[in-house]
Number of protein chains: 2
Amino acid sequence: MAAEPTEPNSQPDFPPGSAINPAIPPATVARLILYARELGRLRREGESHVSSKLLGQLLSVSDAVVRRDVSHLGSMGQRGVGYEIVPLIRQIRQTMGTNLSWKVALIGAGSLGHALLRYRGFDEQGFQLVAAFDTDPAICSRSIGGVPILPLDQLETTIATEGVTLAILAVPVDAADAVAKRLAASGVAGILNFAPRTLQKFPGVCVVNVDLASELQQLSFAVVSQK
Amino acid sequence: MAAEPTEPNSQPDFPPGSAINPAIPPATVARLILYARELGRLRREGESHVSSKLLGQLLSVSDAVVRRDVSHLGSMGQRGVGYEIVPLIRQIRQTMGTNLSWKVALIGAGSLGHALLRYRGFDEQGFQLVAAFDTDPAICSRSIGGVPILPLDQLETTIATEGVTLAILAVPVDAADAVAKRLAASGVAGILNFAPRTLQKFPGVCVVNVDLASELQQLSFAVVSQK
DNA sequence: TAGATTGTTAATCGATTAACAATC
DNA sequence: TAGATTGTTAATCGATTAACAATC
C-alpha cells in the first residue's frame, strides 16, 4: 500500500477532509473549488474580504447559492461584512483535501501526457508529479517538466517507494483498464482518467473522468439547443 | 459572421438539434453523450441491440435512468427487445448536433494546444480542426497533426473564410478574456475553455469549461471524503 | 402463450430560490 | 442607529427511483 499524503501546513482544528457537515453535495463541491480559484485571484489583487453577492457574480451563481455552499464549511462569514478571503480559502482547501501534499504519478507520456507534465496548475494546488510511465523505450529515461519518465515495468515499485496516492491515466483507451487494475492493486486511492472509457470499479479507488471529446459534444449541444 | 455548420448526412425527419422534448435536462445530455460512446463500442463488437439494463451497467447508472434519458429522444426502443444500436446512436448524435460537421479553431499552441492538435478523438465525432493560432512567431507557419499554426493576427480573417463555428481556448489564463472577446466578435458560436478563469459572457456564445486542476481537486476531495 | 423489456406514472429525494430574522 | 450582509427557513423546482401496465 502507498503512503498517506503528508500535511505540510498543520491544521489541528479539524480532522483532514472532514467538514462540519459530513456530506457535501457534489454540485457544492464543484463550486467550492471554483470559489477557491476566484478567491485566490481576489487575494492577489489585494482584497481582504468578499461578499456572497460579488463571489456569486464572478461565477454566475446567485448570492444565496454561495451562502448555502459556504455554510457547509461552518460559519465562515460576518454579517454586514462578508467573508474574510484568507480563512475561507484555507477552509475550502482543507475540506477538498488540497491542504495535503499529494504525490501523483502520470501513466502514458504521449502528447496529452507531455502536456500534463508541463502543466503548472497541478503543482500550485499541492499536487506533486513525482513520476511518469510509458511503454515506449524511446521516451523513457528522459525527463519532462522535471518529472522522470520511467518504463511501465517500474510502476508498482515506484508507487510504493515514492508513496504515490493519485494517478493520472493518459494511456490509449485499449490499455486503460489493464493499467487501472495495476494502479488499484498498487494501492493508489484515486485516478484521474482521460481515456474515453468507463473504467472497471475497484473498491477504495476513486475515479474522476475527463473526456475531451465529450466536452466538445456538450458544447455542440449547447450551440444547437440555444437555437 | 461565420458560416453555419454543414450537414453531410442529411437527416430530414427532425430539425437539427431540436429533440422531441424541447428541453433536455443537463444531466441527461451528459449521459446521452456517454451512451453514444458505449454504443459505438458495442456496435464495433458486432452487437445490434442493447437493453437499458446492459447500457446502464456499462455506465453505472440504473436501467430506469437509461430509459428516462432515452425517452427524451422519442420512442426509440422495442418492448421485450431493447434498443437497436445504430438508430439510437444516430438519434443521439443528431440531438447533440454531432451529425453536423463543425469547423473548429484552436487558439494557443503551447503544450496543451499541441496535445489537442494531435488528439484523434475530436475528428471521430465530426469536429474538424481547421486552424490553430499562436502569438509566438517561432511556432507559427508550422503544422501539427495536419493543422496549420497561424499568427494570432489572422484569427478574424481565418474564422470568416474557413467558416469556423467553435473554438478551443488553450491560451495562458491572462490572455483568455481578450481572446474570447475577439472570438465572440468573429461570430464563433461556442468556446471550449481550458483557461482556469470564468470568461466574460457574450450573447450568443456558449462556453464549456474544462479546468484540469479543478478536476484533480475533485479527485482529492473524493479520496478524503470516502474516508 | 410466457418471458422480457420498454415507456411512463407516482413517490421520493435532492437542489435551488426567495425571503427574512439575526447581527455585524 | 442605519445600512449591509450572513445563515437559515420554507417553498419551489428538478431529478431520481420504484413500480407496473403495455406490448414485443
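In what follows, chains are A, B, ... by sequence order, proteins preceding strands, each numbered from 1.
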Original post:
In whole Å, what is the span from the CG atom of Leu88(A) to the C1' atom of dG7(D)?
Top reply: 14 Å
Original post:
How many Å lie between NE2 on His49(A) and P on dC24(C), as a whole number?
Top reply: 14 Å
Original post:
Is the shortest heavy-atom distance from the side chain of Leu73(A) to the side chain of Leu32(A) under 4.5 Å?
Top reply: yes
Original post:
Please give, in whole Å, the distance from dC24(C) P to Met76(A) CE?
Top reply: 16 Å
Original post:
Any side-chain heavy atom of Val210(B) sitting closer than 4.5 Å to one from Leu192(B)?
Top reply: yes
Original post:
Does OP1 or OP2 of dT6(D) have a side-chain N or O of Ser52(A) closer than 4.0 Å?
Top reply: yes
**OP:** Mind calculating the distance between CD1 (Ile85(B)) and C1' (dT5(C)) to the nearest angstrom?
**Re:** 15 Å
Original post:
Could you give the CG-to-C1' distance, from Leu73(A) to dG7(D), as a whole number of Å?
Top reply: 13 Å
Subject >> Spacing of Tyr83(B) atom OH relative to dA4(C) atom P, expressed in whole Å >> reply: 18 Å
Original post:
Could you state the interatomic distance from CD1 (Ile24(A)) to OG (Ser71(A)), rounded to the nearest 0.5 Å?
Top reply: 9.5 Å
Original post:
Between Glu84(B) (CD) and dT6(C) (C1'), how many Å, whole number?
Top reply: 15 Å
Original post:
Is any side-chain heavy atom of Leu58(B) closer than 4.5 Å to a side-chain heavy atom of Leu42(B)?
Top reply: yes
Original post:
Side chains of Arg37(A) and Asp211(B): does their closest heavy-atom pair fall under 4.5 Å?
Top reply: yes
Subject >> Per-nucleotide protein contact string for nucleotides 15-23 of chain D (B base, S sugar-phosphate only, - none; heavy atom under 4.0 Å) >> reply: SBB-B--BB
Original post:
Whole-Å distance between dA4(D) C1' and Gln78(A) CD?
Top reply: 12 Å
Original post:
Can Asp123(B) and Leu129(B) be said to form a side-chain contact (heavy atoms from CB on, under 4.5 Å), step by step?
Top reply: CA-CA 8 Å; Asp123(B) 220 79; Leu129(B) 268 167; over 6 Å; no
Subject >> Pair Arg93(A)-Gln125(A), side-chain donor/acceptor within less than 3.5 Å >> reply: yes
Original post:
Is the distance from OP1 or OP2 of dG7(C) to the nearest side-chain N or O of Ser71(B) less than 4.0 Å?
Top reply: no
Subject >> the helix from dG3(C)-dC24(D) to dC24(C)-dG3(D): angle between end helix axes, five pairs per end, rounded to 10 degrees >> reply: 20°
**OP:** May I ask you to test the Leu59(A)-Val65(A) pair for a side-chain heavy-atom distance under 4.5 Å?
**Re:** no
